[in-house]
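Everything on this sheet refers to the single structure shown next.
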Amino acid sequence: MVYFKAAAVTLLCVGASTAWQPNGRPLFASRSSNALATRSTSTPLQMVVTDPTATSSPMGGFTATNAESRRVVPENPNGRPTMKVVYVVLESQYQSSMTAAVKRINAANPNMAVECVGYLLEELRNDDAYEQFKKDVEEANIFIGSLIFVQELAEKVVDVVKPARESLDAVLIFPSMPEVMRLNKVGSFTMKNLGQSKSVVADFMKKKKQEDGSSFEEGMLKLLRTLPKVLKFLPSDKAADARTFMMSFQYWLGGSPENLQSLLTMVGQDYVSPIKENMVGKEKMVAEEPLLLPDKAIWHPVAPDVVFESNTDYMKWYDNEFCPDAGIDPKTAPTIGILLQKSHINTKDDTHYVSLIAELESRGAKVVAVYSGGLDYSGPVAEYFYKDGKPIVDTVVNLTGFALIGGPASQDHKKAAKVLKDLNVPYMCAVPLVFQSFEEWQSSELGLHPIQVALQVSLPEIDGAIEPIIFAGREGATGRSVPLADRVNLLADRSLKWANLKNKEKKDKKIAITIFSFPPDKGNVGTAAYLDVFDSIKAVLAQLKSEGYDIGDAPSTKEEIMESILNDPEARINSPELNVAYRMSTEEYYELTPYATDLEENWGPAPGNLNSDGQNLVVYGKQFGNVFIGVQPSFGYEGDPMRLLFAKSASPHHGFAAYYTYLEKIFKADAVLHFGTHGSLEFMPGKQVGMSGTCYPDRLINSLPSAYLYAANNPSEATIAKRRSYSATVSYLTPPAENAGLYKGLKELKELIESYRGLRENEGRGPAIVNSIVSTSYTCNLDKDVKLPDLESYDAANDTPEGRDDIVGKVYSQIMQIESRLLPCGLHTVGVPPTAEEAVATLVNIAQLDRPEDNIEGLPRVIAASVGRDINDIYRGNNNGVLEDVDLNTKITEASRAAVRALVKQSTDSSGRIKEVKSVFDDLGSMFSKMTGGKKPYTQAIIDAGFPKVQEERLEGVMKYLEFCLKQVVANNELGGIMELLNGEFLMPAPGGDPIRNPDVLPTGRNMHALDPSAIPTQAAVEVAESVTRKLLEKLQDENGGKYPESIAFTLWGTDNIKTYGESLAQVLSLVGVRPVADSLGRVNKVELIPLEELGRPRIDVVVSCSGVFRDLFINQMNLMDRGIKMAAEADEPLDQNFVRKHALEQAEELGVTLREAAARVFSNSAGSYSANVGLAIENGGWEGESQLQEQFLTRKGFAFNADKPGMMEQQAELFKSALKTVDVTFQNLDSSEISITDVSHYYDSDPTKVVQGLRDDKKKPMSLMADTTTANAQVRTLAETVRLDARTKLLNPKFYEGMLSTGYEGVREIQKRLRNTMGWSATAGEVDNFVFEDANDTFINDPEMQQRLLDTNPNAFRDMVTTFLEANGRGYWETSEENIERLQQLYADVEDRIEGV
């Protein structure tokens, strides 16, 4: 296994390590050589590159090229024996060299002729190409394969080559999947023989690492060069065959026509029978020994020397000779470090490199371009980017597209991040197209090929890379690398803008802070998930000032900052108009915005009516010195029912474009800081990944460096911002989650239950308390969640003790679910770490989870074991309302909290905060405790809580882990992270996600990334998923008389699958009865059917609606699901045991399509579009009725993914409807406490419950369920139960709304948002109980004091709240008294007057 990874690295990076010159001289043999005279010039290289995509084809697939362009047939064999060579490669780089090599042989070799045809791996997806490939291999003498690392295509290659292997004269497989490598055959040499020396190889590597600390890849290179020389002196035929293979490998790595000519000549004359016979009595052609370039060096296209092995030599030439002639001042010029792939240098396939270097130098910058022999670039970075221990580069641009260390096969992200942090400059990783021609990329709505996204975008991001800009690709006919002019220009501009941030005086730097307003309204300015925006801006302004930035006369209080932006001092008091920073005339707008006319198709001519005064475009915000605080305009179509229905999202409006034009070209910002989760820029139309110059995020941000403050728990949308709007993210903490607690009647209920526990044996008082419990439960509307006896007829005195316990247990279980539910309280201010009490809340949640991968037992498990119980059994009893288990579960929770509090108390100062974490495990303290027989404070706390037998040594693992987590929780770097980016430094990477599941998310203030998409679903996620699907099916069987559902509609989210490592993805596969299988490199890119006998139930059909973000991040997983579902549909099984097949057959007949086409079940938006716009419509009131919302869902979400044509999302509305009409159940997952179903509109935006009801023949509403995996005690609830639980713990809970109101203006908006989202569930699912609206009205409207607080704090948001109540009533979702409606109507008029200043 290790060998294959190393070989992959070797091949991808060594590249042309053996390139020959036509005259046979080594490339670096003579420094005075004229070999490169055509390039050597003392003037700066100017290059004009035409755009090869100017005439794009209408293809939608990722790889639509034709192997026939790689077919060479000898024109005149002249009686020479002809051998046929078939090759399959990952990249097209070898095409021109192979074609040239074959033509040279055919022209000049008297002993042989060659017919040759090559295939790009991706082409084998095409049925016609695959059939032709089979035919070619059957006729071939030699098969060559390289870098075959895509599992399903590797299987296709094996299926064709394996049967033909015996008849082939030679099979040469260079680094690929192991099953492909096993096809190797060179005489008696096979990969099995090579495998026998695996331990020798491993020992060699180990020794090399011990000797000189070299990486595995470097060791592999040395071994590769040593072996042929050693084998040369061994007498046996086997050694000769092995040497031929190793020589072939070196020639292949060389990649030049000369090398490949030598390879084909050598193998042909030694192994192809007709040629061998023809050679009898003739002298064989002898290939010269390959000569190598240095392993690492500096390269420059016009240097008199091909490469420089020392920094000093390069700078001597560059600064003294090149720069003066080029008009570059070496003393003041910014310097860009560039990482290159060596293979392109050796094969002179370097036009794309030359182009970028020329663009940078034409802008007055210096360049240091380095390559590495392996894929570990840490050596060249350390050797060539420093002088006298100080960095000499201002920005680094990686043009290889791979991770800094290890490339695609095995990365060392920690080492890479350390190397980059030591250098401490911005690190950009640009991407060359590998699997697509420019035309294919340009015409693909999805953009960059999914395999490239996984290898060359996701993996570099984990190193800390930013800005995956496509800068080059291959020319379709020759396969050579070609730069894309506008992308190269953009890359040059952006790299220099980042360098400028490092070099410019802070007092002169201009920073544009961009805040959001969503939905667009004055009461919503400063929208960001769980962030106190204006308090945070205050903190950022103070930090900027302290570091020497000019912030002018910026106010020092949150209220004054807010006032300066919200109100135009020249307008009348309380005007709806925000402060106007700039009025842009239409002439200026059209002059400065090159794409302005393209927006007219959607919006007509400027200025339009959005962000406009009728004559000019208006930019809202306020400037303080060199800092501008601006309000980003909204999408613009929120309230337009027609635009919301469009399947594809509209372009930005003129006002939106004018805002970014202002920032870049009028204010002249050096950087923009997008403030909080999230704005609209990254969700504008364009490709998913790999933007072109016509994609709107690219056009809008243009050359502006962007720092983006993003919530740490939202890595998926943060990743979209990184990839689509070129933003470096800075994570911020969400408020610590606390227990919701109980209030009003719920609190009274708990007190009654505690009384009952003490008096349950008392026949007089016990039954009376139970009667009160039943009555209060009805008052609190718990009868909707718990099966309660009839209030009128029930008397507990007539019930059995067991019956009474059963009622109390179930009520107790329900209120404990409410009390222990986690909710974030208040809003976070940037740079303010949590208090000690808040840290306790977070750590208690971390402590409850088992972490088997780290051998850590959760605290509840250890405590439960001390009383001889398994925690899972306790959870089960608790969920079933067993009074004893509910009681024990409550005690365990309280003991866990006490233990964590004791741990945190050790480090808490007098102000209630933690400045430094003091370890309870220091050696002296531990020794003293042991001597005195004392217990650790946390152990004593658990004993005091009623668990005297708890084992201290068993607690040590989890408590040490919690101590580490405490350090992470309080180590806040948010302000520091923002400043590092604005100062042009490297910001350390960190995963995003749920800090409770993955504490590595902490500390915040780092550059957030997602995960390696090929790593999910993990085995742990599969196990959790199987447990959830089992509970789901059990619940459904209970509800339906033992019958299984036939079809379940699923919604998949990007963030949820990042946080849970693919749990909901694994649930889909589990229901269908397929299991994910890791390939031989550990990547999950294969599925297999679970036999029905093993499954033990029918295969459940699924209809999967993927969010646009999931589509962008996990297109490979969509491929996995599609293949698995189609596999199930094509399985020849009884229809009552395979509902996938049953429905697909029915649909195939109904729609007149094939079974495979009818089995499409994986749907999403069209590429570059996001959401069903249902949330937008509801948040902005832009909907006329539920039918409009349902039509939006079907139109916008009805694009099918097809693994057979992975380059496009095809609109398949009829197929989508046909699949949905069979659905019995709709299902979603809740995976973390911070984002629940009323916190955001996403959940109801993608809920198809009423859509399905409208499509079903019987018009029956499907059952709607939610899986809750927010705690270790995972549960499946109905949607209605979940909505009630959410309302009770948030909207109606004083702990929640008072926490929000304590933050002022933003807090009112947060309360209103949850009310509006609750109504959203009424609209899409009809699952909101009347009491929720009634109780909310009592809380916020009927209480005069509360009403006044809301009105005074944020009158605009309060008006929205009143509107929501009236709308809920008007649309039939809330029945209430006429008195309430009249009060609301009067209140609305009063608030309007107040806002208008009447």
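Owing to the predicted nature of the structure, the values given are computational and were not obtained by experimental measurement. The figures that follow rest on heavy atoms only: side chains count, while hydrogens, waters and symmetry mates do not.
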Under 3.5 Å donor-acceptor, Ser731 side chain and Gly1005 backbone: yes
With Lys390 via salt bridge (Lys or Arg N to Asp or Glu O under 4.0 Å) - residues at least two apart: none
Test salt bridge (Lys or Arg N to Asp or Glu O under 4.0 Å) applied to Asp550 - qualifying residues, sequence neighbours left out: none
By side chain to side chain donor-acceptor pair (under 3.5 Å) - contacts of Asn500 (at least two apart): Asp670
Geometric class of the Tyr708/Tyr710 ring pair [parallel <30°, tilted 30-60°, perpendicular >60°]: tilted
Point-to-point distance, once rounded to the nearest 0.5 Å, from CG of Leu360 to CG of Leu496: 5.5 Å
Side-chain touch Leu501/Leu981, heavy atoms, less than 4.5 angstrom: no
Gap separating the CG atom of Asp376 from the NZ atom of Lys415, nearest 0.5 angstrom: 4.5 Å
Ser546 side-chain N/O to Gln543 backbone N/O, donor-acceptor pair under 3.5 Å: yes
Separation between CD1 of Ile298 and CD of Glu309, rounded to the nearest 0.5 Å: 10.5 Å
With Phe624 via ring pair (Phe, Tyr, Trp, His ring centres under 6.0 Å) - residues at least two apart: none
Which atom pairs, one a donor and one an acceptor, fall under 3.5 Å between side chains of residues 395-402 and the rest of the protein, sequence neighbours left out?
residue : atom : partner : partner atom : Å
Thr395  : OG1  : Ser495  : O            : 3.1
Thr395  : OG1  : Ala499  : N            : 3.3
Asn398  : OD1  : Thr400  : N            : 2.8
Asn398  : OD1  : Thr400  : OG1          : 2.7
Asn398  : ND2  : Phe402  : O            : 3.0
Asn398  : ND2  : Tyr427  : OH           : 2.9
Thr400  : OG1  : Phe402  : N            : 3.0

Short side-chain to backbone donor-acceptor contact, Asp463 and Ala416, under 3.5 Å: no
Main-chain N/O of Thr514 paired with His674 side-chain donor or acceptor, under 3.5 Å: no
Any donor-acceptor pair under 3.5 Å from Tyr377 side chain to Leu340 backbone: yes
Lys509 side-chain N/O to Ala671 backbone N/O, donor-acceptor pair under 3.5 Å: no
Partner of His300 under ring pair (Phe, Tyr, Trp, His ring centres under 6.0 Å), chosen from Trp317, Tyr353, Phe308: Trp317
Asn424 versus Lys502, side-chain donor and acceptor atoms under 3.5 Å: no
Smallest separation among heavy atoms of Pro294 and Lys342, with atom names: O-NZ, 3.4 Å
Heavy-atom pair of closest approach, residues Asn1007 and Gly464: ND2-O, 3.7 Å
Results of side chain to side chain donor-acceptor pair (under 3.5 Å) for Ser703 - residues two or more places apart only: Lys497, Glu664
Pro1003 side chain reached by Asn973 side chain, heavy atoms, under 4.5 Å: no
Residue pair Asn983 / Tyr549, side-chain heavy-atom distance below 4.5 Å: yes
Audit row: Phe986, Met988, side-chain contact (heavy atoms from CB on, under 4.5 Å) steps and yes/no: CA-CA 6 Å; Phe986 177 78; Met988 283 293 279; 3.9 Å; yes
Contact check, side chains of Leu544 and Met979, non-hydrogen atoms, under 4.5 Å: yes
Test side chain to side chain donor-acceptor pair (under 3.5 Å) applied to Thr719 - qualifying residues, sequence neighbours left out: none
Heavy-atom check, side chain of Val672 versus side chain of Ile701, under 4.5 Å: yes
Smallest separation among heavy atoms of Leu423 and Pro391, with atom names: O-CG, 3.6 Å
Closest contact, heavy atoms only, Val830 versus Ser536: N-OG, 3.0 Å
Salt bridge (charged side-chain N to carboxylate O under 4.0 Å, His left out) pairs, two or more places apart, involving residues 418-428: Lys418-Asp422, Lys421-Glu980
No-hydrogen, no-angle side-chain donor-acceptor test under 3.5 Å, Ser706 and Arg494: no
Glu461 side, atom CD; Met1008 side, atom CE - distance, nearest 0.5 Å: 11.5 Å
Donor-acceptor pair, side chain of Gln452 and main chain of Val434, under 3.5 angstrom: yes
Nearest-0.5 Å distance, CG of residue Asp493 to CH2 of residue Trp498: 14.5 Å
Minimum heavy-atom distance Ser378-Val419, with the two atoms named: CB-CG2, 3.8 Å
Asn503, Val425, Asp394 screened by side chain to side chain contact (heavy atoms under 4.5 Å, CB included) with Thr335, the one that passes: Asp394
Axial cation check for Tyr384 ring with Lys296, 6.0 Å and 45° limits: no
Nearest atoms (heavy-atom pairs only) where Pro483 meets Val488: CB-CG2, 3.9 Å
Side-chain donor or acceptor of Gln968 paired with backbone N/O of Val1001 under 3.5 Å: no
Heavy-atom check, side chain of Glu547 versus side chain of Leu982, under 4.5 Å: no
Side chain to side chain donor-acceptor pair (under 3.5 Å) involving Tyr371 - partner list, sequence neighbours excluded: none
Salt bridge (Lys or Arg N to Asp or Glu O under 4.0 Å) partners for Arg487, two or more places apart: Asp698
Beyond-backbone contact of Leu704 with Asn702, side-chain heavy atoms, under 4.5 angstrom: no
Residues Leu975, Val540; criterion side-chain contact (heavy atoms from CB on, under 4.5 Å); working and verdict: CA-CA 7 Å; Leu975 286 172; Val540 170; 3.8 Å; yes
Audit row: Leu339, Val370, side-chain contact (heavy atoms from CB on, under 4.5 Å) steps and yes/no: CA-CA 5 Å; Leu339 306 181; Val370 306; 3.5 Å; yes
With Asp319 via salt bridge (Lys or Arg N to Asp or Glu O under 4.0 Å) - residues at least two apart: Lys366
Distance, nearest 0.5 Å, that separates CG of Asp350 from CD of Gln341: 12.5 Å
Student check: side-chain heavy atoms of Lys507 and Asn626 closer than 4.5 Å: no
For Asn972, all residues meeting side-chain contact (heavy atoms from CB on, under 4.5 Å), sequence neighbours excluded: His828, Pro833, Glu974, Thr1004
Stepwise side-chain contact (heavy atoms from CB on, under 4.5 Å) test for Val367 and Phe322: CA-CA 11 Å; Val367 171; Phe322 179 83; over 6 Å; no
